[in-house]
Protein chains: 2
Amino acid sequence: MRSDPKEGDVGEASPTRRGPYAKTAERRQQIVDEAYRLFATRGYHGSSLREIAAAAGMSLGSLQYHFGSKDDLLVAVLARRDELSSGAAVPPGAGSFADHIVAQAERNEDIPGLIALYSVLSAEAVTADHPGRDYFLGRYDLLRADYAAELTVLRDAGRLREGVDPAIAAATIVALWEGIQLQWLYTPESIDAAKTLRSYLDLVLT
Amino acid sequence: MRSDPKEGDVGEASPTRRGPYAKTAERRQQIVDEAYRLFATRGYHGSSLREIAAAAGMSLGSLQYHFGSKDDLLVAVLARRDELSSGAAVPPGAGSFADHIVAQAERNEDIPGLIALYSVLSAEAVTADHPGRDYFLGRYDLLRADYAAELTVLRDAGRLREGVDPAIAAATIVALWEGIQLQWLYTPESIDAAKTLRSYLDLVLT
DNA sequence: GTCTATACGATGATAGAC
DNA sequence: GTCTATCATCGTATAGAC
């Protein structure tokens, strides 16, 4: 995956770099915010760079100076997503594993646009040459590893149901979470994502 | 959702319509077959109408005579998908519910391109104006209703674990199935979709 | 270093000739 | 029905103003 047309990558203010003022970081932030909003609304392919540039109050060329390609902009938006909804990883040993997951799922209901963006991109990025592929590959691995580690701890404490494989249960949680959120996006009135997740966790934990 | 540039919609031979010979149905079938193959290979946005037309041995204009828009072609491909892998619905009372689902999941591993297409489209189509939205809305409702009905029968036979809600379990199966297939598309070597599904069903059924 | 202006090839869509 | 223009818009690339 190509990246890094400029320095910092994510978009933090880089006070140590190059001269008295660095408007670049702020401009990049503006662009990412608008791209984030438009991607969440219309999807990745449904949003044009000209649209995003206009929303951020600049020309197309200026946007492309900060982000060399639409792909670069996408990975910046994904990084921004992690920034905003951090706490997805499980702090080991802190509080109830199930409560933590359900609470996060409930919080997700406040940001349907973001969930939709994530769902769209995670499926779009399956194709071999997609710029977001590496991001989702790493993210799934990380989530499964986190959950499997937590479930292994619970198993050793005798709180995992007999015969349940922590690795399979971890993949199940990730899969169920994404799948039920997708159904919720279609029919929010008839799907309760948090309740469905809780129902599975109650089945597996004791 | 716009649709129906011509008559039948799906692509069946329409012998009663308009004149002695109806090449239209066959032409439409050729187009849908090639579009199906290319969508499954390169994705929806990755395939151009010119490509599809060339693969079907005709010009762009000719293809667009049969399908007024790329959206129309998409819904035809989705309908074709249901045609080919019918049996997704559960024949009531026939054989084991769990075996049926697991067997279907195993068969899906032979058509990864199609699974990828389905995953991409199901997420893309969440946006309000997407041409495939109604298709997936109806499909999720149908699947959940089928599974819930089957699970209710099993519950009345005392074969559903105590405390499990058939409706929630039905939504869980659909969600888990789609979610685990997506993970499998990313890392087929470390994910066993059929086994993961079986693991959940074993947990719920007795 | 930041930005505007302009152009390129490819896309989905449309109109009209045969 | 099938075809060949033709169109606006897409992502991208480059030249040059300040």
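Predicted, not measured: the structure shown is a model, and the values here were computed from it. Just the heavy atoms: all of them, side chains too, but no hydrogens, waters or symmetry mates, feed the values below.
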Any donor-acceptor N or O pair under 3.5 Å, side chains B/S119, B/E178: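 There is no such pair between these side chains.
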
Rounded to the nearest angstrom, tell me the gap between atom [atom1] in [X] and atom [atom2] in [N].
X     : N      : atom1 : atom2 : value
B/R50 : C/dA13 : CZ    : P     : 10 Å
A/Y44 : D/dC10 : OH    : C1'   : 12 Å
B/Q30 : D/dT2  : CD    : P     : 9 Å
A/H45 : C/dA10 : NE2   : P     : 18 Å
A/H66 : D/dT12 : NE2   : P     : 17 Å
B/L49 : C/dA13 : CG    : C1'   : 9 Å
B/D72 : C/dG12 : CG    : P     : 14 Å
B/L73 : C/dA13 : CG    : C1'   : 14 Å

Within the 6.0 Å centroid threshold, strictly below: A/Y118 and A/F136: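 Yes, they do, as the ring centres are separated by less than 6.0 Å.
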
B/D99 with B/R198: basic N within carboxylate O range, under 4.0 Å: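 Yes, this pair counts.
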
C/dG1 phosphate, OP1 or OP2, under 4.0 Å from A/T24 side-chain N/O: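 Looking at the OP1 and OP2 atoms of C/dG1, neither is under 4.0 Å from any side-chain N or O of A/T24.
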
Phosphate contact (D/dT2 OP1 or OP2) by B/Y65 side-chain N/O below 4.0 Å: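 So the side chain of B/Y65 is outside the cut-off, no N or O lying under 4.0 Å from OP1 or OP2 of D/dT2.
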
Candidate nucleotides C/dA13, D/dT12, C/dC3, ranked by approach to the side chain of A/Q64 - the nearest: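 Selected nucleotide: D/dT12.
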
Closest listed nucleotide, where the reference is the side chain of A/S69 and the choices are D/dT12, C/dA13, D/dG1: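 The closest nucleotide is D/dT12.
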
With sequence neighbours excluded, residues passing side-chain contact (heavy atoms from CB on, under 4.5 Å) with A/R155: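 A/R155 satisfies side-chain contact (heavy atoms from CB on, under 4.5 Å) with A/T152, A/L160, A/P166 only.
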
For B/T187, side-chain contact (heavy atoms from CB on, under 4.5 Å) partners two or more places apart: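 Scan of B/T187 (side-chain contact (heavy atoms from CB on, under 4.5 Å), adjacent residues dropped) gives A/L137, A/R144, B/E189, B/S190, B/I191.
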
Residues in contact with DNA chain D, drawn from residues 54-63 of chain A - heavy-atom cutoff 4.0 Å: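 Those residues are A/L60.
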
Base D/dG1 paired with B/R27 side chain (donor-acceptor, <3.5 Å):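 It does not, because no donor-acceptor pair links the side chain of B/R27 to the base of D/dG1 below 3.5 Å.
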
Stacked cation flag A/R81 on A/Y36, 6.0 angstrom / 45 deg: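 Negative - A/R81 is either too far from the ring of A/Y36 or too far off its axis.
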
Side-chain donor or acceptor of A/K195 paired with backbone N/O of B/I168 under 3.5 Å: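 Looks like no, no N/O pair under 3.5 Å.
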
